[in-house]
Engineer: 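A single structure is presented below for examination.
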Amino acid sequence: MNNWLKVSNAADIPQLGSRVVTTQAGNIALFKTADNEIFALLDKCPHKGGPLSQGIVFGKKVACPLHNWNICLDDGNAVAPDVGCARSFPVKVEGGAVFLSLT
Amino acid sequence: MKKMKLVMVGNGMAGVRTLEELIKLEPDLYDMTVFGAEPYPNYNRIMLSPVLAGEQGIQDIILNSVEWYTENKITLYMNKKIVKIDRKNKVVITEDGTAAEYDRLLLATGSNPFILPVPGKDLQGVICYRDIQDTNAMIDAATKYKHAVVIGGGLLGLEAANGLALRGMDVTVVHIMPWLMERQLDKNSAFMLQASLEAKGLKFMLEKHTQELVGDAQGRVTAIKFKDGSELPADLVVMAVGIRPNTSLAESAGIHCNRGIVVNDTMQTYDPSIYAVGECVSHRGTAYGLVAPLFDMAKVCANHLARMGIARYQGSVTSTKLKVTGVDLFSAGDFTGNEHTEDIVLHDTAGGVYKKLVVKDDKLIGAVMYGDTTDGSWYFQMIRDGKNISEIRDHLMFGQSHLGNTGHQGQSSAAAMPDTMEVCGCNGVCKGTIVKAIKEKGLFSLEDVRKHTKASSSCGSCTGLVEQLLASTVGGAYTPTLSATKPMCGCTDLTHEQVRKQITEQSLISIPQVMKVLQWNTPNGCASCRPGLNYYVLCAHPRIAKDDPQSRYINERAHANIQKDGTFSVVPRMFGGVTTAKDLRRIADVADKYNIPTVKVTGGQRIDLFGVKKEDLPKVWADLDMPSGHAYAKALRTVKTCVGSEWCRFGVQDSTQMGIDLEKMLWKMYAPHKVKIAVSGCPRNCAESGIKDVGVIGVDSGWEIYVAGNGGIKTVVAQFLVKLKTPEEVLEYSAAFLQLYREEARYLDRTVHYVERVGLEYIKQKVVMDAANRGALYERLLYTMADTVDPWKKENVDMREFEMLST
Ligand code: SRM
Ligand SMILES: Cc1cc2nc3c(=O)[nH]c(=O)nc-3n(C[C@H](O)[C@H](O)[C@H](O)COP(=O)(O)OP(=O)(O)OC[C@H]3O[C@@H](n4cnc5c(N)ncnc54)[C@H](O)[C@@H]3O)c2cc1C
Ligand code: SF4
Ligand code: FES
């Protein structure tokens, strides 16, 4: 069962940008694509823990600000040749509000 | 709609590369069918040499597995030779009678080795060196027989001889000319090469004309006889005397051939439905025998098969590298020369180094190097770019002097490094890892190596070494991209210059507009092109275009430098490196108030506060109440000064004040990359003006201005631009130079890269000689900066950037 928590309004996340939510599971990055899709990843790059929220968002990927690994927003997987995965969390948008599930 | 049918004959390197390029552009346009005479999927033919030498196995050199064809819905027929093209009915027919219809036909039949028409050429044990079968035959012969003779002392022959020797055979190379590789080398350097191959155990017979191959009763070769009557025992004879484009199929179908299937600049044959690529082709009278030009053809051909119809193949300049471990030989372009060319030659027999550069009309057109091929890619790039070398002619021969190229233990020659030595100091990648990846993954370009190994993908200081490894491993199949045609990134085919031009001419004022009009192939670019476009748009349309924070790297979005733990560093501006007790006290108070763990004096004469939390940044700026130091930005960083005439017993000019004035003028200047300035009060140069983007040195009669120095990844000394009298002139000339750089450099080029490209003469013309242009450049920069605000005043900053959300 998902336990949905309201964390933001969709409008408060910039397009091709992100916001950071502090949770008991650690910092979680909320990303918004150009098509207003929203994704949530643990804000920790699988390489050396860089804050993915601070990266440049393009398509459905983010470039880590520390050493430029590219991470897929939908499943947290690093783009080849790099290997690794950032944990991803379910998100949904209802009535303009963004809900996040930590389970 | 029914798909069109594309049939390809010849399953080799050029053909399959064409399909790969086509799939990138139009994966679904055709039903694709491939016929290959060999029983293998496409493999890396050039790696047959390391396979023969025992350095790797056949299984490692497959480029496209059978699964690749399936995944891309390509019907593959292996071991099936096409014997007929019925052009009227558009059908091809195989040896066993299989027929396939086509709408478009692609011929990629490669070439055939040339067989000397001597008696005995059909004996067992007489082979060529072209494919896996030949290679296996040689490997097999080496286990059974002793005496091998290789006819032909060119690249291929020498690689075959080396491989056979490594497999334990007693090998003699027979060559008809007075010295080896007569097309590439002159007599002296060829003898140097011969000596080093002799040291590896090879034997040579020069100026020998083969008369006949002699066989035994079983029909196997036993000896080779020469015109002069002499004879040599031979259990294996390898003919490596050249190749001929394989045109028999095309010719039988009546397609125009003339030492190759004749194609136009779109790779189309005289039959408009039939295209051809690879070694089988004759383009503008030239047939190529190396991989790099074939890849260029493949790209053009795919463009036309995909019906984009814009690419043209205009011929290639080629380079080659002998792939024999321990022997360093490289040649590129037209290295023979003639009465209209000049040679620059360095010959050090004892040191084992020979270099010859061929120059025509102030341009490098060819190069041959033996013994030290360190600068091979550098020369090759210049040859391809057609760069004017008059300014660097006096040190051209000495290469791209590796003065202060940091990060790899002082090594500049890849050949001299052991496999375990680190090449890329940023990502910790060793030589052996890179070479293995090139061989086994079939890598041909710098981009490929960066992608697969990470080497050279960070600071780039090892790029030259990686290029050498590419060149020596794939033997000239590596071609540095023409700088003039290098696309901005994978999202477009346009170069930086083309994009900048369009942004100006078509008044494109936003990134989405640029991407739409210039047909970007990704929805919103990538982390590499977006920051560049943001800068280009802002630079071309000051006060009109709006900044896009999401297209800036985090440092420029948060106006501070991100650290490895996700905190930030803050560097307030100290004009000319001068501070006051009041400012220092405020910095100290801020450090206390926000628990800032480290306070450090930087290499740029100011103070850095490390470990600031992102949420605290706006408060830190407010409490500091000092201007931003832009230590995070592609912008003016520091203006370093020395004490100068005010205190120093040697000072002849007030360098401190000059530095403060320069920094006050320029402190809000964004640029393609960071910009650093220094001002020294006398030629003792305590501010290190000699390695800055703009370096100013006071002399008794005024100021000397130096430009395009660099003190970072690769130390480059700044070049003298002009001598001036007054501080006002220093401001104007410096600003004009920097505006020229702002308007013309590629994003992320420092001034050193920009000036290296356009030449100092050009800068002098625009900035020194042309007073009106200088004035206009100066005005444009002032106009742009007058509208720029200090981000630390938070006016144009999206404050959401600094607010955390919570559950
Ligand atoms: C803080 C400082 C080191 C120090 O503790 O002294 C520093 C720190 C960094 N330098 Fe530097 N450089 C610092 C002086 C220099 C100098 C010396 C100078 O400016 O006199 C150089 C050589 C001079 C030059 O640039 O030509 C220098 C050459 C580099 C380079 C190589 C640039 C090149 O073109 O070769 C980089 C990499 C880059 O910019 O791409 C770099 C990059 C960096 C970055 C920004 C790395 C990064 O991307 O995060 C470091 C940021 C740390 C931070 O959070 O502040 N830093 N860096 C110095 C800040 C000076 C200042 O007050 O602004
Ligand atoms: C040992 C060796 C080392 C080399 N080293 C280098 C090097 O270091 N650097 C470099 O740049 N180049 C090197 N080359 C040259 C390079 O391999 C060739 O330039 C390149 O492979 C040519 O590509 P292609 O597609 O035109 O021909 P190929 O790769 O030869 O492909 C043609 C294919 O078509 C098939 N074919 C022909 N006719 C028919 C038909 N009628 N029906 C069906 N199939 C047919 C052939 O069997 C062959 O498989 C080397 C070559 C060899 C042999
Ligand atoms: S401050 Fe400069 S030299 Fe030092 S580690 Fe960082 S980038 Fe490297
Ligand atoms: S921490 Fe993300 S790329 Fe290194």
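Since this is a predicted model, take the numbers as computed values, not measurements.
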Engineer: Taking NZ in B/Lys436 as the centre, count heavy atoms belonging to other residues, nucleotides or ligands within less than 6.0 Å. Is the count above 12?
Structural biologist: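 No, not enclosed.
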
Engineer: Atom SG in B/Cys529, atom CZ in A/Phe58: separation rounded to 0.5 Å?
Structural biologist: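 B/Cys529 SG to A/Phe58 CZ: 9.0 Å, rounded to 0.5 Å.
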
Engineer: Which atoms of A/Asn70 are under 4.5 Å from chain B, going by heavy atoms: the side chain, the backbone, both sets, or neither?
Structural biologist: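 Neither part.
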
Engineer: Crowded around B/Lys634 NZ? As in, over 12 foreign heavy atoms under 6.0 Å?
Structural biologist: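 Yes, NZ of B/Lys634 has more than 12 neighbouring heavy atoms, counting only those of other groups under 6.0 Å.
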
Engineer: Picking from B/Ile554, B/Asn555, B/Asp798, which has the most non-hydrogen pairs under 4.5 angstrom with chain A?
Structural biologist: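 The answer is B/Ile554.
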
Engineer: Check each atom of B/Arg552 against the heavy atoms of chain A and say whether the ones under 4.5 Å are side chain, backbone, both or neither.
Structural biologist: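 The backbone, not the side chain.
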
Engineer: Would you indicate whether B/Lys614, at its atom NZ, is surrounded by more than 12 heavy atoms from other residues, nucleotides or ligands within a distance under 6.0 Å?
Structural biologist: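 Counting neighbours around NZ of B/Lys614, more than 12 heavy atoms of other residues, nucleotides or ligands fall under 6.0 Å, so yes.
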
Engineer: Can you measure from OG (A/Ser8) to CD (B/Glu803) and round to the nearest 0.5 angstrom?
Structural biologist: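 Going from the OG atom of A/Ser8 to the CD atom of B/Glu803 covers 11.0 Å.
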
Engineer: So what's closer than 4.5 Å to chain B heavy atoms on A/Ile13: side chain, backbone, both or neither?
Structural biologist: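 The answer is the backbone of A/Ile13.
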
Engineer: Is it true that a side-chain atom of A/Arg19 and a backbone atom of B/Leu805 form a donor plus acceptor pair closer than 3.5 Å?
Structural biologist: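 No, the answer is negative, given that no donor and acceptor are paired below the 3.5 Å cut-off.
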
Engineer: Taking the side chain as every heavy atom from C-beta outward, state whether B/Glu801 and A/Gln54 have any pair of such atoms under 4.5 Å apart.
Structural biologist: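 Answer yes - side chains close enough.
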
Engineer: What heavy-atom pair brings A/Ala11 and B/Arg800 nearest, and what distance separates the two atoms?
Structural biologist: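 Reported closest heavy-atom pair: O-NH1, 3.2 Å.
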
Engineer: Report which part of B/Pro531 has an atom under 4.5 Å of a heavy atom belonging to chain A: side chain, backbone, both, or neither.
Structural biologist: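 B/Pro531 touches chain A through side-chain heavy atoms alone.
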
Engineer: Quick one: does A/Val21's side chain get under 4.5 Å of B/Met804's, heavy atoms only?
Structural biologist: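 Not touching, per the 4.5 Å side-chain cut-off.
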
Engineer: OG1/A/Thr22 to CD/B/Glu615 distance, rounded to the nearest 0.5 angstrom?
Structural biologist: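 The distance works out to 9.0 Å.
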
Engineer: Which of these, A/Thr33, A/Leu16, A/Val57, sits in a side-chain contact (heavy atoms from CB on, under 4.5 Å) with B/Asn524?
Structural biologist: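 Only one of A/Thr33, A/Leu16, A/Val57 forms a side-chain contact (heavy atoms from CB on, under 4.5 Å) with B/Asn524, namely A/Leu16.
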
Engineer: Check each atom of B/Thr522 against the heavy atoms of chain A and say whether the ones under 4.5 Å are side chain, backbone, both or neither.
Structural biologist: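 The answer is neither part of B/Thr522.
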
Engineer: Kindly compute the distance separating NZ (A/Lys48) from NZ (B/Lys564), expressed to the nearest 0.5 Å.
Structural biologist: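 It is 7.5 Å, given to the nearest 0.5 Å.
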
Engineer: Measuring heavy-atom distances to chain A, does B/Ser458 have an atom under 4.5 Å in its side chain, in its backbone, in both, or in neither?
Structural biologist: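 Nothing of B/Ser458, per the 4.5 Å heavy-atom cut-off to chain A.
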
Engineer: Measure A/Asp82 against the heavy atoms of chain B and call it side chain, backbone, both or neither at under 4.5 Å.
Structural biologist: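 Answer is side chain: those atoms of A/Asp82 sit under 4.5 Å from chain B.
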
Engineer: What distance do A/Ser18 atom OG and B/Gln550 atom CD have between them, rounded to the nearest 0.5 Å?
Structural biologist: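 These two atoms lie 7.5 Å from each other.
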
Engineer: Which bit of A/Pro51 comes within less than 4.5 Å of chain B, counting heavy atoms only: side chain, backbone, both or neither?
Structural biologist: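 Contact with chain B is through the side chain of A/Pro51 alone.
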
Engineer: For the OG atom of B/Ser806 and the CD1 atom of A/Ile28, what is their distance to the nearest 0.5 Å?
Structural biologist: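 Result: 12.0 Å between the selected atoms.
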
